[in-house]
**Student:** 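Sharing a structure with you now.
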2 protein chains.
Amino acid sequence: MSDQKTNHDTRERILDVAERLFMEHGYEGTSMRVITTCADVNLAAVNYHFGSKEALLREVFRRRLSWLNRERLYALDALEAEAAGAPLKPSQILEAFFGTLLRIGEQPSLGGMTFLRLLGRTLTEPAEFIRTFFASEYAEVIDRYKQALYNALPDVPKAEIVWRLHFMLGAMSYAIAGTDVLRVVTGCELGDLAGEGAADTVDDATLARRLAQRLMPFLLGGLRAPLPSAPDSSKASPVPPSEGDREPRTANHLQEKQP
Amino acid sequence: MSDQKTNHDTRERILDVAERLFMEHGYEGTSMRVITTCADVNLAAVNYHFGSKEALLREVFRRRLSWLNRERLYALDALEAEAAGAPLKPSQILEAFFGTLLRIGEQPSLGGMTFLRLLGRTLTEPAEFIRTFFASEYAEVIDRYKQALYNALPDVPKAEIVWRLHFMLGAMSYAIAGTDVLRVVTGCELGDLAGEGAADTVDDATLARRLAQRLMPFLLGGLRAPLPSAPDSSKASPVPPSEGDREPRTANHLQEKQP
DNA sequence: GTCTATACGTAGATAGAC
DNA sequence: GTCTATCTACGTATAGAC
């Protein structure tokens with residue numbers, strides 16, 4: 001049973017090809033004909049094995065996300081067990097959430113950078129079925145991590161934490177998707193940016209490691225930034241002290257334009 | 001000439017409808033037939049006025065981006081003239097770049113939140129013609145702002161600045177796109193988050209203002225975060241001092257996983 | 001279980017009447 | 001300049017042979 005074409009092989013081959021093509025051309029931009037041709041299977045194979053194109057996309061994500069989100073829960077469990085009731089440090093929480101994700105990029109068997117790029121791009125796809133699918137897949141993990149952040153930053157309003165979680169997800173998603181797109185905006189290949197000297201191509205595992213190394217301080221800096229001044233409410237903005245890490249206080253740079 | 005259907009009206013009506021539909025369903029997910037039906041024009045009108053569907057998308061963006069990027073250059077010119085050769089503060093640069101963008105959300109005549117959401121989503125679309133179009137539209141502005149940031153943060157490696165610019169663009173794009181998508185991830189409507197008390201619907205202008213108020217401190221915190229420790233190079237990470245704003249020094253939270 | 005062949009709708013684009 | 005009618009290619013899905 002080494003090189004024999006079993007159903008399992010066909011299914012996996014379709015999933016691998018679809019993962020890459022959805023990443024390269026988007027969901028709507030990838031036709032079933034192209035998928036089945038590239039996977040060297042019959043046009044009908046997708047509907048036979050998965051039922052529909054939508055179900056195929058869901059399965060592409062499920063086989064990766066179920067692993068990822070389980071690992072994220074394990075990581076949080078471990079941290080909380082070690083802390084024995086004390087709130088976690090924000091840096092620990094971010095490392096568990098984003099570090100677990102970014103480490104996928106170093107391991108092709110978990111999807112590698114192909115899957116990370118696909119994930120980053122698909123999070124903004126407007127199709128309703130995609131959004132509801134992600135909502136259900138992420139619900140538990142997001143809820144647990146939000147709670148952890150609430151506990152870690154007790155003096156920061158919960159709404160503010162949710163906003164910043166949102167911003168962090170965005171920075172991460174674009175950073176990943178951009179490792180082969182956003183040269184457009186930055187005007188140069190990210191390979192040039194990742195290395196200190198060698199400007200040529202960088203393999204995926206190295207890119208993933210360097211991305212994590214650059215991204216995590218940025219996220220932590222954003223999460224722990226001073227709160228904005230209150231605009232239309234009379235309550236003051238307390239400085240959020242965070243355990244372990246010192247919380248810097250700087251001037252408020254953004255003033256509300258119209259009071 | 002008040003309510004007469006001129007060519008100009010037809011063109012603008014097509015652009016307005018296409019802007020909204022591309023935002024709601026994506027480029028591939030929006031058909032010419034739906035566009036022309038909603039705009040109450042004939043199917044052939046798009047090809048007559050714009051030449052093709054791709055050219056229509058480009059024109060949808062061009063009429064907004066030409067204004068936006070001109071304003072961004074003006075804002076930077078004004079800051080640099082005022083500074084008279086001295087480097088700008090990072091907060092000023094971010095305000096000029098992101099503030100100018102976010103203020104579009106308050107003005108429906110400039111596209112409002114509809115255009116901002118469309119922009120946020122389209123930046124990740126994989127289609128080649130879209131990426132090359134954005135590259136040319138953004139080239140000058142990005143170049144000018146990169147230079148301004150280099151000057152403002154002379155002790156931060158340029159590669160690090162480009163990475164962080166990249167992260168900031170991502171956080172902003174997702175934050176915008178998410179104002180009607182990412183309830184998926186955060187588990188609640190952003191309307192709930194924006195207001196202190198009133199949890200119902202928030203009009204676009206208010207949402208845009210509150211978004212800017214929350215986003216700018218986050219971006220500035222990320223931009224001015226401590227540099228990551230050098231992983232595979234022996235040179236130390238200097239703390240970047242920035243003018244005007246005090247630069248906080250915190251511990252490095254992220255350690256390289258493999259030395 | 002897998003593939004061949006095809007159904008049936010819709011995509012973007014265009015020729016030519018008005 | 002605008003519209004009708006239509007072209008050709010491609011979309012997903014399925015019925016039925018092997």
Side-chain angles (χ1 to χ4, degrees), chain A residues 1-61 122 125-130 132-133, chain B residues 1-61 122 125-130 132-133:
Chain A
M1 73 186 205
S2 57
D3 57 334
Q4 161 196 3
K5 268 194 188 180
T6 66
N7 303 343
H8 183 262
D9 282 344
T10 298
R11 259 185 70 102
E12 291 293 306
R13 207 162 57 247
I14 291 173
L15 287 172
D16 288 341
V17 166
E19 184 171 70
R20 181 173 56 82
L21 290 175
F22 285 150
M23 182 273 283
E24 289 172 354
H25 307 111
Y27 174 74
E28 308 269 11
T30 304
S31 72
M32 305 261 282
R33 283 179 159 85
V34 173
I35 294 171
T36 51
T37 300
C38 287
D40 198 32
V41 298
N42 189 269
L43 174 59
V46 166
N47 274 289
Y48 175 75
H49 284 288
F50 303 98
S52 71
K53 190 187 177 186
E54 290 192 3
L56 170 62
L57 181 75
R58 278 190 291 263
E59 191 53 34
V60 164
F61 278 99
T122 310
E125 290 245 352
E128 188 63 31
F129 85 95
I130 295 179
T132 56
F133 170 71
Chain B
M1 74 184 207
S2 56
D3 56 335
Q4 163 196 2
K5 271 194 189 179
T6 66
N7 303 343
H8 183 261
D9 282 345
T10 297
R11 259 186 70 102
E12 291 292 306
R13 209 163 54 250
I14 291 173
L15 288 173
D16 288 342
V17 167
E19 184 172 70
R20 180 174 56 81
L21 291 175
F22 285 150
M23 182 273 284
E24 289 172 355
H25 307 111
Y27 174 73
E28 307 270 10
T30 304
S31 72
M32 307 258 285
R33 284 176 163 82
V34 172
I35 293 171
T36 52
T37 301
C38 287
D40 198 33
V41 299
N42 188 269
L43 173 60
V46 167
N47 274 292
Y48 175 76
H49 284 287
F50 303 97
S52 69
K53 191 187 178 187
E54 290 193 3
L56 170 61
L57 180 74
R58 278 191 291 262
E59 191 53 34
V60 164
F61 278 99
T122 309
E125 290 244 353
E128 187 63 30
F129 84 95
I130 296 180
T132 57
F133 170 72

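Keep in mind that this is a model prediction, so the values were computed, not measured. All heavy atoms count here, side chains included; hydrogens, waters and symmetry mates do not. Naming: A, B, ... by sequence-line order, numbering from 1 per chain.
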**Student:** Under 4.0 angstrom, heavy atoms only, what part of the nucleic acid is B:T30 near: base, sugar-phosphate, or nothing?
**Tutor:** sugar-phosphate
**Student:** Do any of residues 51-59 of chain B sit with a heavy atom less than 4.0 Å from DNA chain D, and if so which?
**Tutor:** none
**Student:** Please report, rounded to the nearest Å, how far the P atom of C:dG12 is from the CD1 atom of B:I35.
**Tutor:** 7 Å
**Student:** If I take atom CD1 in residue B:I14 and atom P in nucleotide C:dG12, what distance separates them, rounded to the nearest angstrom?
**Tutor:** 14 Å
**Student:** Looking at B:P126 and A:H25, what are the two nearest heavy atoms and their distance?
**Tutor:** CG-C, 3.5 Å
**Student:** Measure from CG on B:L43 to P on D:dT8 and round the result to the nearest Å.
**Tutor:** 17 Å
**Student:** Can you tell me if B:N42 touches the phosphate of D:dT4, counting only side-chain N or O atoms and a distance under 4.0 Å to OP1 or OP2?
**Tutor:** yes
**Student:** In this structure, how many angstroms lie between the C1' atom of C:dC3 and the CG atom of A:N47, rounded?
**Tutor:** 13 Å
**Student:** Could I get the full list of side chain to side chain donor-acceptor pair (under 3.5 Å) partners for B:E19, not counting sequence neighbours?
**Tutor:** B:R64
**Student:** Could you please spell out the steps behind the side chain to side chain contact (heavy atoms under 4.5 Å, CB included) verdict for B:R13 and B:T10?
**Tutor:** CA-CA 5 Å; B:R13 209 163 54 250; B:T10 297; 4.2 Å; yes
**Student:** Just to verify, what does B:D16 make a side chain to side chain donor-acceptor pair (under 3.5 Å) with, not counting sequence neighbours?
**Tutor:** B:R63
**Student:** Below the 4.0 Å mark, does C:dG1 have OP1 or OP2 next to a side-chain nitrogen or oxygen of A:H49?
**Tutor:** no
**Student:** Could you state the atom-to-atom distance from CD of A:E28 to C1' of C:dG12 in whole Å?
**Tutor:** 15 Å
**Student:** Any idea which heavy atoms bring B:A18 and B:V60 closest together, and the distance?
**Tutor:** CB-CG2, 4.0 Å
**Student:** For A:F22 and A:I35, run side chain to side chain contact (heavy atoms under 4.5 Å, CB included): C-alpha distance rounded to whole Å, both residues' side-chain angles, the deciding distance at 0.1 Å, then the answer.
**Tutor:** CA-CA 9 Å; A:F22 285 150; A:I35 294 171; 4.0 Å; yes
**Student:** Is there a donor and acceptor pair, one atom on the side chain of B:R33 and one on the base of C:dT10, closer than 3.5 Å?
**Tutor:** no
**Student:** Closest nucleotide of DNA chain C for A:A45 versus for B:M32: which of these residues is on the 5' side?
**Tutor:** A:A45
**Student:** Of the candidate nucleotides C:dT14, C:dG1, D:dA13, which contains the atom at the shortest distance from the side chain of A:Y48?
**Tutor:** C:dG1
**Student:** With a cut-off of less than 4.0 Å, is there a side-chain N or O of A:S31 near OP1 or OP2 of D:dC10?
**Tutor:** no
**Student:** Quick one: are A:I130 and A:F61 in side-chain contact, heavy atoms under 4.5 Å?
**Tutor:** no
